[in-house]
Amino acid sequence: MYGVSRADKVASLARRRGFFWPAYEIYGGVGGLYAWGPYGVVLKNKIANLWREVFVYKHDFVEIQSPDIAPYVVFKASGHVDSFKDVMVSCRECNRKYRADTLLKEHGIEIREDLSPSDYEDLIRENNVRCPVCGGKLGNATYFTTMFQTIIGPYSENKGFLRPETAQGMFTEFKRVYEAMRKRLPIGIAQVGKGFRNEISPRQGVIRLREFDMMELELFYDPSDDECPYLDDYLDEPINMLHKEMIERGDLSGYETMTVKDALDRKIIDNSWMAYFMILSHIFLEMLGIPRTRQRFREKLAGERAHYARKTFDQEVYLDRWGWVEVSGHADRTDYDLSAHLKNSGVDIYAERRLKEARYVKEYEVRPRVRDIKRDFGDKVGVIMSRLSKSDVNKLLDSFKRDGYILIDDIRLDKKYFDIEVKVKKIESEKFIPHVIEPSFGLDRIAYAVLEYAYNEKGDRIILSLPAYLAPYDAAVYPLLSKDEFIEYARGLYDELVKSGYKILFDYGDSIGKLYARGDEIGIPIAFTVDYKTLEDDTVTVRDRDTWVQYRIDKGRIQEFIEKILGGIGFEEAAASMKLELI
RNA sequence: GCGGCCGUGGUGUAGCCUGGUAGCACGUCGGCCUUCCAAGCCGGAGAUCCCGGGUUCAAAUCCCGGCGGCCGCACCA
């Protein structure tokens, strides 16, 4: 556990080579706040861009940026203010802190919802509840919210929060996006950005941060048409499920592999969009180098789910030190959020659906012939008219149909006193509140997991076997020796490749072994080396980061080779397809 | 917040018990050498010894307080 765990090695490499490290170190650091360095930022950006391709662009979804800061009302409406808040009591003796509600429940005391801190204090006193650990007296009860609070502008009453999720932005700005995108549904609205949670005690490196990047997608769809059109291609894909049934029998160590179709047939997953995003997430992490056997979807039970979710699965990745760790959450948020904002803001946040066929509704109008009624019933016309204006048209019609007349008090009014008109109204569309399926990813955790899975050792050397398209450089160019003619040639090659748009590391001055070793540690997938033969025939060697195997390649074919590698083709396969000469 | 362990150049550490010039290795920078995997040689830079206070002629070292980290507890919508 100590000193040699994979997590320590990754953290050490990350710090040494500039992927990430604890922020504000010069002032001693602050728990849960990390800095991402040069290579770390490249990695995160590449992961985010791949996510955009897989989840957003492929479906013609859209991405927005909403503010990190929101006024109080937004998170009041969304339910976060109430459910992110707990009443805490601390022990006067040992200072341990407890959630007041769970403490009272453990003592078998019934509690109502919405108790204030002083209500809790009363209950604690009346029931003589003491610290369960040391038996000490309990102190004052206070609210604790894990959202970061702030003040917007100079007036202290203008409270705001740093958002705990980017998702609310998609809901608060939904109407505009929906209209700008010409009222198309289903529509996915994505956001990549910061979220903030004031964790009580974050101590797992970059795994649990107080400020972190999220990649969230809210898929808005018409609940009367909830079929995901993309799912068919994936029905036979295997998916690893730790479902409710397994959890309830205490079987938490692994997962059951089933096809997506089975998961749906067995109603483990009951929404086709959710199933689609889940299988896509399996594949996405696989593309990042995390094998599917080390991933699973854990169903969240009723008590574990967020207040807004009808059903949730956490995608978990197995990490060396911390075991199964959540990297994405898949929630069925129904119409919870939109309805909440509709209710609280009073703004009409609806979608419209065009009916497949226009519906025609018969509308009857029953118009009394006032002149005739007045003639036959005289003064009573006033009472009659006022009663008629309050009565339901359908009831009048029923009465006519049944009896041929209607009664108002004792007065019998035959059909002849009325003009009955039938109007046919054409209805082409109707309003509804879209439902939402949300896949939500923690970018920092994923970046960490990618590093941990890419981390390899070969003898005493470290190799970061990142997928080529995630590496901080596409390739490296080195001179075999630090001789001017090699360096010049290598620099020329470097310039050429950079001009073509590749990200290339050019390094020299140390022994070739050392150059390779440094490149391996930051994950550069291939290295081109200029040697004596290069000066004679314009060929260089190309070396594989993972196997150290080398081929000789014409300078003119280098870009073709890089393209293949970036496209995800393996080194050997790329070399074979280009019929390169093994060294 | 509690308990245990810990805090010395970028990294890993020695020194602490028994107070007296802060040492080593790796890395890094410059040079020489070098025909493919952190080779060798020479030279350089780089340390508020986590912070503050106390004891002492003298504190990295002993004492007190704090901060930070790891692990466990609690917490993690």
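Predicted model, so just to flag it, every value in this text is computed and none were measured.
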Report yes if the ring of A:Y516 lies under 5.5 Å from the six-membered base ring of B:rC36 with planes under 30°, and no otherwise. no

Would you mind telling me which of B:rC29, B:rU34, B:rC36 lies closest to the side-chain atoms of A:Q550? B:rC36

Quick check for you: among B:rU11, B:rA38, B:rC29, whose closest atom lies nearest to any side-chain atom of A:R461? B:rA38

Think A:K555 forms a cation-pi with A:Y489, using NZ or CZ under 6.0 Å from the six-ring centre and within 45 degrees of its axis? yes

Below the 4.0 Å mark, does B:rC71 have OP1 or OP2 next to a side-chain nitrogen or oxygen of A:R321? yes

Taking N and O atoms by type only, does the side chain of A:R208 place a donor or acceptor under 3.5 Å from a partner on the base of B:rC75? yes

In plain terms, say whether A:R552 and A:D531 are close enough for a salt bridge, that is, a side-chain N and a carboxylate O under 4.0 Å apart. yes

How are the rings of A:Y336 and A:Y308 set to each other: parallel, tilted or perpendicular (split at 30° and 60°)? tilted

Could you tell me how far B:rC49 sits from B:rA59 if I compare only their C1' atoms? Round to whole Å. 11 Å

Indicate, with a heavy-atom threshold strictly under 4.0 Å, whether A:R305 touches base, sugar-phosphate, or nothing. sugar-phosphate

B:rA14 and B:rG31: how far apart are their P atoms, nearest whole angstrom? 35 Å

Pick the C1' atom in B:rU21 and in B:rU35, then give their distance to the nearest Å. 48 Å

Hey, is the side chain of A:W21 poking within less than 4.0 Å of OP1 or OP2 on B:rG69, counting only N and O atoms? no

Tell me the interatomic distance from A:Y532, atom OH, to B:rC36, atom P, rounded to whole angstroms. 10 Å

Distance between the P atoms of B:rA58 and B:rG12, in whole angstroms? 34 Å

Note: A:A471 and A:P525 closest approach over all heavy atoms is CB-CD, 3.6 Å

Between B:rC37, B:rU34, B:rA38, which one does the side chain of A:R543 approach most closely? B:rC37

Is A:S511 close enough to B:rA39 that one of its side-chain N or O atoms is under 4.0 Å from OP1 or OP2 there? yes

Parallel, tilted or perpendicular: ring planes of A:Y39 versus A:F19, cut at 30 and 60 degrees: tilted

Once you apply a heavy-atom cut-off of 4.0 Å, does A:E165 come out as touching a base, just sugar-phosphate, or nothing? nothing

Taking a pair to mean Watson-Crick or G-U wobble geometry with both distances below 3.5 Å, B:rC57 pairs with B:rG20

Round to the nearest Å and state the distance from A:K514 atom NZ to B:rC26 atom P. 10 Å

Please tell me which of A:P164 and A:S12 maps to the more 5' nucleotide of RNA chain B, matching each residue to the nucleotide holding its nearest heavy atom. A:S12

Could you let me know what B:rA25 is paired to, Watson-Crick or G-U wobble, both distances under 3.5 Å, or none if it's on its own? B:rU11

C1'-based separation of B:rU11 from B:rA47 [nearest Å]: 14 Å

Rounded off to whole Å, could you give me the CG-to-P distance for the A:L481 and B:rC32 pair? 14 Å

Identify the heavy atoms of A:V542 and A:F571 that sit nearest to each other, and give their distance. O-CZ, 3.6 Å

Starting from P on B:rC37, measure out to CG on A:D531 and report it in whole angstrom. 13 Å

Rounded to whole angstroms, how far apart are NZ on A:K458 and P on B:rC37? 12 Å

Given the P atoms of B:rG65 and B:rG27, what is the spacing between them in whole Å? 42 Å

Using Watson-Crick or G-U wobble geometry with both distances under 3.5 Å, which nucleotide pairs with B:rG40? B:rC32

With rounding to whole Å, what would you report as the distance between B:rC62 and B:rC5 at their P atoms? 15 Å

Considering Watson-Crick and G-U wobble pairs with both distances under 3.5 Å, what does B:rG3 pair with? B:rC71

Would you say CD1 of A:I69 has more than 12 non-hydrogen atoms from neighbouring residues, nucleotides or ligands within 6.0 angstrom? no

Nucleotide nearest A:D510 when distance is taken to its side chain, options B:rA38, B:rC29, B:rC36: B:rC29

Atom CZ of A:R17 and atom P of B:rC26: how far apart are they, to the nearest Å? 16 Å

Of A:R16 and A:H80, the one whose closest RNA chain B nucleotide lies more 5': A:R16

P-based separation of B:rC76 from B:rU8 [nearest Å]: 33 Å

Find the distance A:R518:CZ to B:rC29:P and express it as a whole number of Å. 6 Å

Just how far, in rounded Å, is C1' of B:rC70 from OH of A:Y34? 10 Å

